[in-house]
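Notes to accompany the following structure.
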Number of protein chains: 2
Amino acid sequence: MDWEERLSRAGGRITAPRRTVMAVLRRAARPLTPQEIHARGRRFHRSLGLATVYRALAVLERVGLVRRVHLAARCDGYMLASPGHYHVLVCRRCGRTVEFVGAEDLEGLIAQVERGTGFRVEDHLLQLVGVCAPCQGERPS
Amino acid sequence: MDWEERLSRAGGRITAPRRTVMAVLRRAARPLTPQEIHARGRRFHRSLGLATVYRALAVLERVGLVRRVHLAARCDGYMLASPGHYHVLVCRRCGRTVEFVGAEDLEGLIAQVERGTGFRVEDHLLQLVGVCAPCQGERPS
DNA sequence: ATGTATGCAAACGATTTGCAGGCGA
DNA sequence: TCGCCTGCAAATCGTTTGCATACAT
């Protein structure tokens, strides 16, 4: 099932702006901001509006065709720093956030990535998303 | 060494707004946005300015007393959704981003966290931050 | 005494919304 | 045809900056 079919089945229409957004993302080598998507999309579709890009991204994300990722810049939560790296568990229902320790398990993975990519890894962020125990008893909102 | 000493040694001054921000964060059960910190901080320090909160957070982060985390809302990069979970490697110098696969290593960790917290983990985000090979040869900016 | 830090308000930039018209199904 | 979708512009919201004053050192 291709993306057009998925969007269609979810009740969305296949339009030029949405095709453009998908085409831009398909060619992208890294995550792009809505502004970047808009700028690149205009090369194909001169009159593409920025608001439309935002709306298309919202739809495509809801349908699961596009993933919103966390960029280093412009993210705005703060916590007290704790020693070591940062690992959180976030409840997608109530928003409760728990920090946990002990990801020694990551070390092998990190070493492997360093060998494979040539990067020197200095820090990491691991965020697990799920449903906390109290929320598991409630019906979906 | 307590936080006041750390800040002081780094050349920062100990002021009422900074004490307030630290106090608010110390009591917080989850990451807070600057706006939330400001609202809570005003209970202690009536005239606290929002711009001051931003500036205090920037200083405290630079010194390592506070950590900026990535919240689900208000983060604005998009990629095509790929099957499985999301793992990225970001270069802190040039911003280059590489997606990689293979974090089976995480499964043991996730199972352990589920047992320990009662959460049901449904998704995860692993972001490694480092310096890519080309940037390792250049002098720090 | 000195220069950092503050509060306020204005500037800025990103995102969202209102609306009239267009177009996919 | 019907109503979802679009482009534009205005409104909104979060963050940063300019400036005169206050205060930590």
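Lettering of chains follows the sequences in order, A, B, ..., and the numbering in each one begins at 1.
Between the C1' atom of dT16(C) and the CD atom of Gln35(A) lies a distance of 13 Å, rounded to the nearest Å. As a whole-Å value, the separation of His38(B) NE2 from dG14(D) P is 12 Å. Regarding Arg19(B), its CZ atom lies at a distance of 10 Å from the C1' atom of dA24(D), rounded to whole Å. Residue Leu32(B) contributes atom CG, which lies 15 Å from atom P of dG14(D) at whole-angstrom precision. Rounded to a whole Å, the CG atom of Leu57(B) is 14 Å from the C1' atom of dA5(C).
Residues Val21(A) and Thr52(A) fail the side-chain proximity criterion, which asks for heavy atoms closer than 4.5 Å.
Considering only residues two or more places apart in sequence or on other chains, Arg43(B) meets the side-chain contact (heavy atoms from CB on, under 4.5 Å) condition with Arg40(B). Taking Leu50(B) as the reference, Gln35(B), His38(B), Tyr54(B) meet the side-chain contact (heavy atoms from CB on, under 4.5 Å) condition, with sequence neighbours excluded. Residues meeting the side-chain hydrogen bond (donor to acceptor under 3.5 Å, both in side chains) test with Arg9(B), sequence neighbours left out: Glu5(B). Arg19(B) is linked by a side-chain contact (heavy atoms from CB on, under 4.5 Å) to Trp3(B), Glu4(B), Ile14(B), counting only residues two or more places apart in sequence or in another chain. By the side-chain contact (heavy atoms from CB on, under 4.5 Å) test, Arg46(B) is found to be paired with no residue, residues two or more places apart in sequence or in another chain being considered.
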Let me have a per-nucleotide readout for nucleotides 1-10 of chain D, 5' to 3', with B, S or -, counting only protein heavy atoms under 4.0 Å. --BBSBBBB-
